[in-house]
Amino acid sequence: MAKHIFVTGGVTSSLGKGLTASSLGRLLKSRGLRVTMQKLDPYINVDPGTMNPFEHGEVFVTEDGGETDLDLGHYERFIDENLHRDSNATTGSIYQSVIAKERRGDFLGKTVQVIPHITDEIKDRIKRLATDSVDVVITEIGGTVGDIEILPFLEAIRQFRKDVGRDSVCYVHVTLVPYLGPSGEQKTKPTQHSVTELRSRGIQPDVIICRSDRSISSGVKRKISLLSDVPMEAVISCMDAPNLYEIPLALHEEGLDTYVCRLLGFEPAGDGIPGHPLDLSAWEALVDRVEAATRPVRIGLIGKYVNLPDAYLSVVEALHHGGYAHGVKIDLEWIQAEEVEGLLAAGRLKDLDGIVIPGGFGERGIEGKIAAATYAREHEIPCLGLCLGLHVMVIDYARNVVGLPGAHSREFDAASPYLVIDFMDEQRDVVDFGGTMRLGAYPAKLTPGSVVATTYGSELVYERHRHRYEVNPRYRARLEAAGLVSSGSSPDDRLVEFIELPGHPFWVGTQAHPEFKSRPDNPHPLFAALVAAALERADGRAPRLLDIDGLAAVP
């Protein structure tokens, strides 16, 4: 039977519960355990799919088309397992399910209440992941202890230990231990209050993760242990790390995985024969590569949500993964799409080694993205277009090479005389577009000998999608006749999945979101290829000195 670990947070949001849970998952997997993960979010939205990226960051898409919380991206990158739509549940989806059952009469006319009906639904969502192919389910509870909307989740996981057995559940609480400069002290009071609030809900934490900007002293650990009734060895210091992939190693040094394994009964298998020996060699090699990647390669990210970097979290991580593969550090330049045309006039894009145009929705900044695609094409700057990025590359090519003035996407200008990006034929008369998006993994056949086929090392790939508009097949022949190569398409050849420009160092667009499948120790081929092309461009120029922030270049 699968064991369960529940991760809660206290004091403040953004403490790193997701990274803590992911790191613990990596450590347990490195012991040979089969791990899966889940996020339970207290907001009332059914899923993050319609939420503004400024509110919630990116929407992470699973293989089966689930639109989920961005923490699932951390989970997949750390434990290297593909998760699914059941790996994320919200208050909205839980209430939606319970109300649907009530309408069908499943409750036989009983009064529907938070306890037991909502809490039972929450527990059912957790149990769905506890299959025979899993040893450990790690469930992160979103929000902060003390929030009113988190109460049903806390009650559900409190009951869960009774349901599955005390030895099958571990509660991990992430909290803050701030350092006060004027007094020169680390303060335990926030942690005390947070644990007290958790215990008032009937949950006694088994492990306390103390987040701080510096190591927690033994005296502070002893105090927290005494006041929270947690063994001192289960009070874990987790200080800020230079890079997030060092966190598993730091938590292992503190003994987190050893203590959790002992608590859950994953003991050595008698006679001193280890049942679950730890092998972190591959992860340690990754961290060594990260630390060794010091040579900068400057990549510009052209987006409309650049004021909130979490909106492009997976893209940024995939770029870094590509950098690790080549021993270089990605020097990321955040470029607001609405400002691109002004930056072009000032010559600020010419010093970039590469450009990424990520996905997105809405008209704001679209002309800036098109201008960036044009500039990259004309000045031979390596460029990777993702989803909407492919669309703007096609629009640029249609306008400026094929000779279709005013070419556009139906998403932004339905009156355009040349809708080179449009709905598929069967979607054009649909009034409610809510169910028309392509979500999840779809196959693409690649043209033999093309850049993308060579990059992937395969002629059939599966990538995750999240979009509604496609390259209009009515214009495909004209685009190809003018030199644009449709180097990947759906198996029936109806949908363009990849484009590229022969003779260019790297001008590639994909209808998919390959960033979701990149791993720190297994970078996605497209991002590795972009970084390789950017590195070649950097090598072809005179050495540049970086300013103190590492963001701007001077001759």
Item to check | Residue pair Glu515 / His321, side-chain donor-acceptor N/O under 3.5 Å | outcome: no
Item to check | Within 6.0 angstrom of Glu284 CD, more than 12 heavy atoms from elsewhere | outcome: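 It does: Glu284 CD has more than 12 such atoms within range.
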Checklist entry - For Ile44, does the CD1 atom sit with more than 12 other heavy atoms under 6.0 Å from it, leaving out its own atoms? => result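 At most 12 heavy atoms, drawn from other residues, nucleotides or ligands, come within 6.0 Å of this atom.
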Checklist entry - Hey, are Arg211 and Asp240 close enough for a salt bridge, meaning a charged N less than 4.0 Å from a carboxylate O? => result yes
Item to check | Check ion pair Arg34-Asp135 (N to O, under 4.0 angstrom) | outcome: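 Yes.
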Does anything in [range] pair up under side-chain hydrogen bond (donor to acceptor under 3.5 Å, both in side chains), and if so which pairs, sequence neighbours excluded?
range            : result
residues 309-318 : Glu58-Ser314, Arg77-Ser314, Tyr245-Glu317
residues 213-232 : Lys221-Glu254
residues 149-159 : Lys123-Gln159, Glu155-Arg158, Glu155-Gln159

Next on the checklist: Could you check whether Phe60 and Phe516 have their ring centres less than 6.0 Å apart?
Outcome noted: yes
Next on the checklist: Over 60° means perpendicular and under 30° means parallel, so tell me whether Phe78 and Trp283 are parallel, tilted or perpendicular.
Outcome noted: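 Answer is tilted, since the angle falls between 30° and 60°.
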Listed pairs under 3.5 Å, donor-acceptor, residues 12-19 side chains, sequence neighbours left out:
{"residue": "Lys17", "atom": "NZ", "partner": "Gly143", "partner atom": "O", "Å": "3.3"}

Checklist entry - Which residues satisfy the side chain to side chain donor-acceptor pair (under 3.5 Å) test with Thr139, sequence neighbours excluded? => result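 Expected list: Gln38.
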Checklist entry - salt bridge (charged side-chain N to carboxylate O under 4.0 Å, His left out): which pairs involve residues 84-95, sequence neighbours left out? => result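 Found Asp64-Arg85, Asp86-Arg128.
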